[in-house]
2 protein chains.
Amino acid sequence: MSATAARPRLPASKRRAAILDAAVELFSSKGFRGVTTRALAASVGVTEPVLYQHFASKHALYEAILEMKAMEAPFEVERELERFTEAGDSQAFFTLLATLILNWYCEDPRYARLLMYSALEGHELSDLFYERHVAIFYGWVTRHIESQVRRGKMRRTPPLLAARAFAGMVAHQGLIYAIYHPGDLAASRKQVVKTVVDLYLQGIMK
Amino acid sequence: MSATAARPRLPASKRRAAILDAAVELFSSKGFRGVTTRALAASVGVTEPVLYQHFASKHALYEAILEMKAMEAPFEVERELERFTEAGDSQAFFTLLATLILNWYCEDPRYARLLMYSALEGHELSDLFYERHVAIFYGWVTRHIESQVRRGKMRRTPPLLAARAFAGMVAHQGLIYAIYHPGDLAASRKQVVKTVVDLYLQGIMK
DNA sequence: CCTTTAAGTTAGCGTCTGCTATATTAGCGG
DNA sequence: CCGCTAATATAGCAGACGCTAACTTAAAGG
């Protein structure tokens with residue numbers, strides 16, 4: 001009687017990964033409330049109960065994504081950045097940071113959108129991302145600026161404000177790319193980094 | 001039998017305005033899909049059919065907000081900006097622009113959130129805002145930069161990229177304020193404008 | 001005071017949503 | 001080849017959703 005399509009039975013871990021991947025795709029384009037569990041299941045190629053075998057609820061599934069991304073630590077570069085600060089090499093410092101940020105947007109703009117959604121929708125784990133990435137980023141930059149000011153190599157500027165200004169210069173390019181998509185950021189990435197860092201370091205005026 | 005609370009009967013125009021105001025509040029905090037017509041009606045203090053007397057659908061109501069905001073032309077300042085460009089006064093030019101942007105975020109951060117939502121959710125009228133504000137902004141700045149480069153007063157820099165960098169420096173501060181809300185932007189607005197414009201114009205290095 | 005108009009309500013339709021109790025079957029260890 | 005486990009499907013509940021037909025009543029004009 002049943003003409004069931006004989007779906008391939010994946011081991012739990014693979015199925016879970018497949019669900020997460022499809023979820024990122026959908027949540028990033030429609031937001032948490034814009035995605036139904038039915039649509040998600042269909043996109044994975046299974047039925048709804050399968051989702052609930054791997055995640056307690058729609059919310060838990062969403063939080064699994066956020067946590068996964070928030071915990072992706074960028075701490076490998078921390079030591080390198082500190083070396084640049086100690087060496088007083090602002091050029092290298094800001095170039096690395098800008099490259100990091102733009103790469104993050106380019107590699108998977110879906111996460112940029114998803115995190116933007118989560119921040120707007122006020123999900124708790126969104127704060128986690130802020131603490132573990134944005135705030136830490138500001139910390140790195142302010143420390144670098146303060147260090148350079150002490151050495152007399154940089155003009156005295158409110159450090160947090162200046163850090164945000166740099167973050168804005170870079171992230172805005174990525175944001176426009178992830179949301180409005182005019183032009184291919186990936187291709188021009190290197191030029192963007194070069195121009196923005198140059199602008200930030202030396203100023204636009206002759 | 002009926003214990004109806006004898007609601008005040010507003011003239012259509014006032015009721016319509018009240019609905020729009022409550023709608024901005026709700027849509028900006030929960031997004032289009034996060035707001036139900038029931039919740040909106042309750043927030044206005046009426047019942048659902050009243051909403052449908054003023055707007056054909058939930059979508060039409062939302063688009064009325066977007067159109068209202070997109071059409072709010074900033075063209076009053078256009079002539080002033082052009083004068084600054086002609087006079088070669090970059091200081092005044094960028095100060096006015098930065099003030100404009102930050103004021104926009106401060107006056108009503110709800111719209112910043114609402115427009116962010118609409119961009120993510122891909123509403124058609126979101127493009128209208130991009131065209132009528134973001135793209136026009138880029139146009140002003142690129143023209144100013146090109147003009148200054150021709151006069152030899154500014155370093156040769158990819159104009160659109162430089163325009164976006166400036167937009168990012170300023171808007172990022174507003175965005176952080178509208179979304180994560182750490183600190184009071186309104187109070188420090190003037191210092192932010194001063195610092196950012198100074199940074200952009202003269203560069204951070206001594 | 002009576003008529004007319006429109007601002008407002010009640011009640012509920014059809015559909016979709018998150019989620020689940022229950023049944024079924026693929027595939028591995030023995 | 002069997003039996004067990006875990007991966008999957010069917011069917012559907014209870015509530016929420018966008019929206020509407022039909023009724024009620026406040027209030028302005030003659």
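Residue numbers begin at 1 in each chain, while the letters A, B, ... track the order of the sequences.
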In whole angstrom, what separates [X]'s [atom1] from [N]'s [atom2]?
X	N	atom1	atom2	answer
B:Arg9	C:dT9	CZ	P	8 Å
B:Arg16	C:dG8	CZ	C1'	18 Å
B:Leu10	C:dT5	CG	P	22 Å
A:Ile19	D:dA7	CD1	P	11 Å
A:Lys14	D:dT8	NZ	C1'	19 Å
A:Phe55	C:dT20	CZ	C1'	18 Å

What pairs with A:His54 under ring-ring contact (aromatic ring centres under 6.0 Å, His included), at least two apart in sequence or on another chain?
none
So, using side-chain hydrogen bond (donor to acceptor under 3.5 Å, both in side chains) as the criterion, who are the partners of [X] when residues are at least two apart?
X	answer
A:Glu67	none
A:Lys69	A:Glu72
A:Glu121	A:His123

With ring centroids as reference points, do B:Phe84 and B:His144 lie under 6.0 angstrom apart?
no
So does B:Leu125 get a backbone contact from the side chain of B:Tyr130, meaning a donor-acceptor N/O pair under 3.5 Å?
no
OP1, OP2 of D:dA6 versus side-chain N and O of A:Arg15: anything below 4.0 Å?
no
Reading nucleotides 16-21 of chain D 5' to 3', which nucleotides get B (base under 4.0 Å from a protein heavy atom), which S (sugar-phosphate only), which -?
-BBBBB
Would you tabulate the side-chain donor-acceptor contacts of residues 170-182 of chain A under 3.5 Å, counting partners in other chains and residues two or more places apart, or write 'none'?
| from | atom 1 | to | atom 2 | distance (Å) |
| --- | --- | --- | --- | --- |
| A:His172 | NE2 | B:Tyr138 | OH | 2.9 |
| A:Gln173 | NE2 | B:Leu161 | O | 3.4 |

List the residues meeting side-chain contact (heavy atoms from CB on, under 4.5 Å) with A:Lys14, not counting sequence neighbours, and say none if there are none.
A:Leu10, A:Pro11
Using a cut-off of strictly less than 4.0 Å between a heavy atom of the residue and any atom of DNA chain D, enumerate the qualifying residues of residues 20-31 of chain B by number.
none
Distance-only criterion, 3.5 Å: show the donor-acceptor pairs between side-chain atoms of residues 91-105 of chain B and protein atoms not counting sequence neighbours.
| from | atom 1 | to | atom 2 | distance (Å) |
| --- | --- | --- | --- | --- |
| B:Thr95 | OG1 | B:Gln91 | O | 2.6 |
| B:Thr99 | OG1 | B:Thr95 | O | 2.7 |
| B:Asn103 | OD1 | B:Arg189 | NH1 | 2.5 |

Cut-off 3.5 Å, no hydrogens considered: what does the side-chain donor-acceptor table look like for residues 46-53 of chain A, sequence neighbours left out?
| from | atom 1 | to | atom 2 | distance (Å) |
| --- | --- | --- | --- | --- |
| A:Glu48 | OE1 | A:Arg38 | NH1 | 2.4 |
| A:Glu48 | OE2 | A:Thr37 | OG1 | 2.6 |

Please list, one pair per line, the donor and acceptor atoms closer than 3.5 Å that link side chains of residues 19-28 of chain A to other protein atoms, with sequence neighbours excluded.
| from | atom 1 | to | atom 2 | distance (Å) |
| --- | --- | --- | --- | --- |
| A:Glu25 | OE1 | A:Arg110 | NH1 | 2.9 |
| A:Ser28 | OG | A:Val24 | O | 3.1 |
| A:Ser28 | OG | A:Glu25 | O | 3.1 |

In short, the helix from C:dC1-D:dG30 to C:dG30-D:dC1 is bent end to end, axes from five pairs each side, to 10°, by 10°
